[in-house]
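Report on one structure; see the data block that follows.
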Amino acid sequence: QGTLMAEVVRGNFFSLLPHIEECVNKCEFVAIDTEFTGLTARPEDEYSFFDTMEERYQKLRRFAQTYTICQFGISAYVKDPEVNKYVAYTFNCYPFPRQQGDVDFRVALQASNVEFLCEHKFDFNKLLYEGIPYLNRKQEEELLQAKGSELGEKEQYEAAGFARLFQALVKAGKPLLGHNMLCDLALVYEKFHEPLPECYVEFKKKLHELFPMIIDTKNICLAMRKYLAQSNLLEFSNLIDLYEALGSQRGTFYVLCTPDICHAEESQSYGSESIFHEAGFDAFCVGFVFLRIAHMVATKGVKSTEVHPVHIKQYLQIMKPYSNRVNLIRGPIPFIDLCNPDPPSTRSDWMVVTSKTGGPLSTEMIQEQLGDIASMEVRFSSPKTAVVIFGSRRRANQMLSEIRHNKYISVRHYSYLRDSPIVQKLIWQLLLPGAGITLLGLLILRS
């Protein structure tokens, strides 16, 4: 019974929906996680330090338009009023689109994602045969305009399918938690709400209107790592390592009065083993990590004799400065700020690497000379010249001081006037109109 209740498919979705809504309405916060069928819509959509935020958003938008959520996990954390304990009501759902009237879907798969899901024993038969249909608002309107007169009241309500759960989350207005959750947010917006906005600024605005308090535990971990360095519990920021570290004996008893966290009776299947990369269990892990970190922060500096249980309002208040900040992987900024201007970029300026030997450059050669290829990217502008960007401005400055006397390559800051092919072409067009040098061209050349 416990296993069946934690698992939500087409056959039991609408019978379980009132119970899930009840859990969401009475909880302190909701944690979510998704599994999906692909990651990059095309080869050039790989994440890059060269991206602007608008470019990155368009990559994200193409991803959400192309691929599908194949598992949605939700864990509603309810505070026990009698003791220092939270009970997690966790549900592992299988949404999958189906043709309804003239509304049809294309489902794309990326081989690497399918292999990953198979490695973690994902049940594709359950997804395809028992997946919960859904329509976003635009698709629901199209269906009701075409078929509304033929559908009864119940059929009209159920047409949106799994999107009804998304609507319940929005209506409840509870803090929404995830871990490294940008892809999760983009997918649930696109699939269950409406097509993603065309521009990045509008996306931030509309997402914040839907969920006024979003907490990304990846961002919290990175923000608190130095502050809680003495604990050695935030050394790694991926969800599995965080959960195991904070759930260890050291993590449990590092601070007194750490709240107990247990599974609700209906999701006891998660109590017997860790099922990482199942969306329901991962959602539970997100809430677990949040409570443990929040408690460590709330009690830091307090004498052990004065530590006492902390109210959830204090946890949320402490984390408020870090809320609505969604972690960004390999991008121009460390996180997206949903209700303020984005933070300054932490990546370096563009650098130009030139061969001193007259021979061609290669990525391997640049890596050997500069090191730390994981935190930089290389783009070749010619066989003997490359543009390099570092994820860390501090690392780039360190590299510049170390590379001055290198006998194989030289490194300097990128100059748009000197290095941009577009600017170079424009200058030549200005300098040589009918073989005559223009005054404007001379002024550009002088500057």
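Positions are given from 1, in the same order as the sequence printed here. Model, not experiment: these values are computed from the prediction.
Using a 3.5 Å distance cut-off with no hydrogens or angles, the side chains of Y86 and E28 do not pair a donor with an acceptor. Side chains of R62 and Q65: a donor-acceptor N/O pair is absent below 3.5 angstrom, by distance only. S237 and K218 form a side-chain donor-acceptor contact under 3.5 Å, judged by distance and modelled atom types alone. Side chains of N327 and N180: a donor on one and an acceptor on the other come within 3.5 Å. A donor atom on one side chain and an acceptor atom on the other are found under 3.5 Å apart for Y200 and D342. Between the side chains of T34 and Q71, no donor-acceptor pair of N or O atoms lies under 3.5 Å.
In summary, the aromatic rings of F36 and F63 are positioned with their centroids under 6.0 Å apart. Aromatic pair H263/Y89: centroids not less than 6.0 angstrom apart. Between F122 and F124, the ring centre distance stays below 6.0 Å.
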Exercise. Would you check, one step at a time, whether the test side chain to side chain contact (heavy atoms under 4.5 Å, CB included) holds for V353 with S410?
Key: CA-CA 6 Å; V353 178; S410 65; over 6 Å; no
Quiz item: Are F276 and C285 close enough, and set up right, to give a side chain to side chain contact (heavy atoms under 4.5 Å, CB included), and what steps lead you there?
Solution: CA-CA 9 Å; F276 297 116; C285 292; 4.0 Å; yes
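A cation-pi arrangement is present between R56 and Y47, with the terminal nitrogen or guanidinium carbon under 6.0 Å from the aromatic centre and inside a 45° cone about the axis. A cation-pi geometry, defined here as NZ or CZ lying under 6.0 Å from the six-membered ring centre and within 45° of its normal, holds between R379 and F50.
The side-chain contact (heavy atoms from CB on, under 4.5 Å) check on S323 picks up M213, I215, K320, with sequence neighbours excluded.
Taking every heavy atom of both residues into account, M53 and P332 meet most closely at SD-CG, 3.6 Å. Here the closest non-hydrogen pair linking I220 and M319 is CD1-SD, 3.9 Å. Across all non-hydrogen atoms, the minimal contact from A279 to N92 is N-OD1, 3.6 Å. Contact detail for A172 and V24: the closest heavy-atom pair is CB-CG1, 3.5 Å.
Put simply, the side chain of P175 does not reach to within 4.5 Å of the side chain of F211, judged on heavy atoms. Contact annotation: the side chain of R393 never approaches that of R347 to less than 4.5 Å [non-hydrogen atoms, C-beta and beyond]. Residues F96 and E130 fail the side-chain proximity criterion, which asks for heavy atoms closer than 4.5 Å.
Other residues, nucleotides and ligands place more than 12 heavy atoms under 6.0 Å from the CD atom of E209. By the neighbour-count criterion of 12 heavy atoms within 6.0 Å, atom NZ of K384 is sparsely surrounded, having that number or fewer from other residues, nucleotides or ligands. Crowding of D337 atom CG: a count of heavy atoms from other residues, nucleotides or ligands under 6.0 Å exceeding 12. The neighbour count for Y414 OH, taken as heavy atoms of other residues, nucleotides or ligands under 6.0 Å away, is above 12.
Between F192 and Y134, the angle of the ring planes goes over 60°, which puts this pair in the perpendicular group of the 30/60° scheme. The aromatic rings of F29 and Y77 sit parallel to each other, their planes meeting at less than 30°, with 60° as the upper class boundary.
Using modelled atom types, no side-chain atom of E377 and backbone atom of I389 make a donor-acceptor pair closer than 3.5 Å. The backbone N or O of G101 lies less than 3.5 Å from a partner atom in the side chain of Q99, making a donor-acceptor pair. Side-chain atoms of Q100 come within 3.5 Å of backbone N or O of A159 as a donor-acceptor pair.
Screening D51, D45, T40 for a side-chain hydrogen bond (donor to acceptor under 3.5 Å, both in side chains) involving K59 leaves a single residue, D51.
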